[in-house]
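Keep in mind that what you see is a predicted model, and the values were worked out from it rather than measured. In what follows, every chain begins at residue 1, and chains take the letters A, B, ... in the order their sequences are listed.
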Amino acid sequence: MPELGSLPTLHRRITDWFHHEARDLPWRDPDCGPWGVMVSEFMLQQTPVVRVLPVWTEWMRRWPTPADLAAEPTSEVIRAWGRLGYPRRALRLQAAAQRIVEQHGGDVPDTEAELLALPGVGAYTAAAIACFAFEIPTVVVDTNIRRVHARLVSGRALPEKSLTRAESALAQTLLPEDPGTACAWNAGVMELGALVCTARSPRCGECPVAELCAWRTAGMPEPHYQPRGQSWAGTDRQLRGEIMAVLRENGSATGSELQSVVASSGRLGEHTPEPDQWRRCLSSLVADQLAERRPADADDDGPETTYSLPG
DNA sequence: AACACGGGGAA
DNA sequence: TTCCCAGTGTT
């Protein structure tokens, strides 16, 4: 822990840095509004800024209010989500928009508790919307912020594998008392983690608090565990993604058509899914309501079974 | 606590 | 080509 007296220095250095170096992102525009912030947070949950930008822009042009999105056929929402990944997020965003229309008069709610009750909104997203859309001073903790805290204050290369009570307590301690500064602090620490204090090759030469960093003072020790990447090739996630790509393009297809189109696309490489994997992925997409199966009682990927985008 | 969930850009 | 990213919801 830094001495209490040094906290204002941390706050000032990082908020000053953010003021000068922050990326000019449309959801940071003061005129963006809570809905634009909410859409951006859903899209940014697992997707980098550069890929979110064009989709967010078109999304907001097309559906400038929650009511606009709520009224749209789900198939169009899934198509507009495109290749952002994790398409269940698109369903949850529309479900949240519908809840906002039904229970909040069409306006994004302005308390963390109400936000947390919306589909697809967890602790991080509720705090982020409260802070960045409504300027409510609250503790925002995402993976970038956790990494900056781990290095700057705790002297470790990486945060714990999952959020601990100690990390939450630390974040609370570090939050500026001044409400106006708190949101700039949250945004600044997050931006610092995204641009400078990156996971693998931190740009300490560009860091406004490098000389205060406990990790550097400690000689930049290696992480206490080896982060393990996720496999991708041949996984259900990959096959689900390819199935959704075909459905977005064609609207509907039989089970056998899906198999031939996906196979001829070549995107699976040398992997040839087993019948069990086809059944598992098709059934899970139906269960997730990302696809509809007709006839409804069909339980396989036979030639007469048809899959389509929902509604 | 562990797992499932997409996709593309950087290294 | 391989590596890397990251919050929510379910089990």
Side-chain angles (χ1 to χ4, degrees), chain A residues 37-55 78-96 99 112 115-132 139-148 150 157-165 167-168 171 186 190 193-195 197-203 223 225-249 262 265-271 277 280-291:
Chain A
V37 173
M38 179 170 163
V39 172
S40 78
E41 290 299 342
F42 266 75
M43 293 180 173
L44 291 166
Q45 277 170 5
Q46 299 99 335
T47 307
V49 164
V50 285
R51 278 204 285 143
V52 164
L53 267 171
V55 182
I78 293 172
R79 283 197 173 98
W81 194 260
R83 304 190 80 94
L84 283 185
Y86 294 106
R88 292 185 300 183
R89 288 183 290 161
L91 298 187
R92 291 177 182 144
L93 179 53
Q94 188 183 34
R99 185 86 64 84
E112 221 173 321
L115 289 163
L116 194 54
L118 296 173
V121 177
Y124 163 75
T125 303
I129 297 171
C131 188
F132 303 141
V139 178
V140 179
V141 181
D142 78 337
T143 187
N144 287 314
I145 290 175
R146 293 177 60 216
R147 186 173 57 252
V148 173
L158 295 173
E160 302 298 330
K161 291 182 181 177
S162 57
L163 182 64
T164 64
R165 291 182 181 280
E167 288 183 37
S168 297
N186 286 328
M190 197 179 307
L195 298 183
C197 197
T198 55
R200 266 198 311 168
S201 301
R203 300 165 175 85
Y225 63 91
Q226 201 60 29
R228 68 176 218 279
Q230 293 184 358
S231 59
W232 170 249
T235 60
D236 286 5
R237 282 184 302 155
Q238 185 187 31
L239 180 54
R240 281 168 53 107
E242 294 312 317
I243 292 169
M244 290 307 298
V246 176
L247 292 182
R248 283 195 304 268
E249 180 71 20
V262 168
S265 76
R267 295 180 58 92
L268 258 39
E270 297 183 15
H271 176 66
Q277 190 182 22
R280 190 167 62 242
C281 289
L282 289 166
S283 294
S284 69
L285 289 171
V286 172
D288 289 343
Q289 302 185 59
L290 286 163

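Atom CG in A/L239 sits roughly 13 Å away from atom C1' in B/dC5 (whole-Å rounding). Atom CZ in A/R89 sits about 10 Å away from atom P in B/dG7, given to the nearest Å. In this structure, CE of A/M244 is placed 16 Å from C1' of B/dA4, rounded to the nearest angstrom. Following rounding to the nearest Å, A/M43 (CE) and B/dG7 (C1') show an atom-to-atom distance of 15 Å. Remark: P of B/dC5 and CD1 of A/I243 are 11 Å apart, rounded to the nearest angstrom. What separates CZ of A/R240 from P of B/dC5 is a distance of 5 Å, to the nearest Å. In this structure, CD of A/E242 is placed 12 Å from C1' of B/dG8, rounded to the nearest angstrom. As rounded to whole Å, 13 Å separates atom P of B/dG7 from atom CG of A/D236.
For the P atoms, the distance linking C/dA6 with B/dA11 amounts to 13 Å, nearest Å. Comparing C/dC3 with B/dG6, their P atoms are spaced 22 Å from each other, to the whole Å.
Dashed line: the shortest gap from a side-chain N or O of A/R280 to OP1 or OP2 of B/dA4 is not under 4.0 Å. Remark: A/R248 is not in phosphate contact with B/dG6, judged by side-chain N or O atoms under 4.0 Å from OP1 or OP2.
Taking the side chain as every heavy atom from C-beta outward, A/L91 and A/I78 approach each other to under 4.5 Å. Looking only at side-chain heavy atoms (C-beta outward), A/R51 and A/R83 stay at 4.5 Å or farther from each other. Within the 4.5 Å cutoff, side-chain heavy atoms of A/L158 are placed close to those of A/R147.
Panel note: side chain A/R99, backbone A/L118; no donor-acceptor pair is recorded below 3.5 Å.
Here A/D288 lies out of heavy-atom contact (under 4.0 Å) with every strand.
With sequence neighbours left out, the side chain to side chain contact (heavy atoms under 4.5 Å, CB included) criterion links A/Q277 to A/D236, A/L239, A/H271, A/P273, A/R280, A/C281.
Residue-environment remark: CD (A/E160) exceeds the threshold of 12 foreign heavy atoms within 6.0 Å.
The residue among A/R267 and A/S284 whose nearest nucleotide of DNA chain B is located toward the 5' end is A/S284.
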(message) Generate the contact string for nucleotides 1-11 of chain C. Rules: B means base contact, S means sugar-phosphate contact only, - means no protein heavy atom under 4.0 Å.
(response) --SSSBBSS--
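Closest contact between the side chain of A/L290 and the listed nucleotides B/dG8, B/dG6, B/dG9 involves B/dG6.
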(request) Would you check, one step at a time, whether the test side-chain contact (heavy atoms from CB on, under 4.5 Å) holds for A/K161 with A/Y225? (result) CA-CA 9 Å; A/K161 291 182 181 177; A/Y225 63 91; 3.5 Å; yes
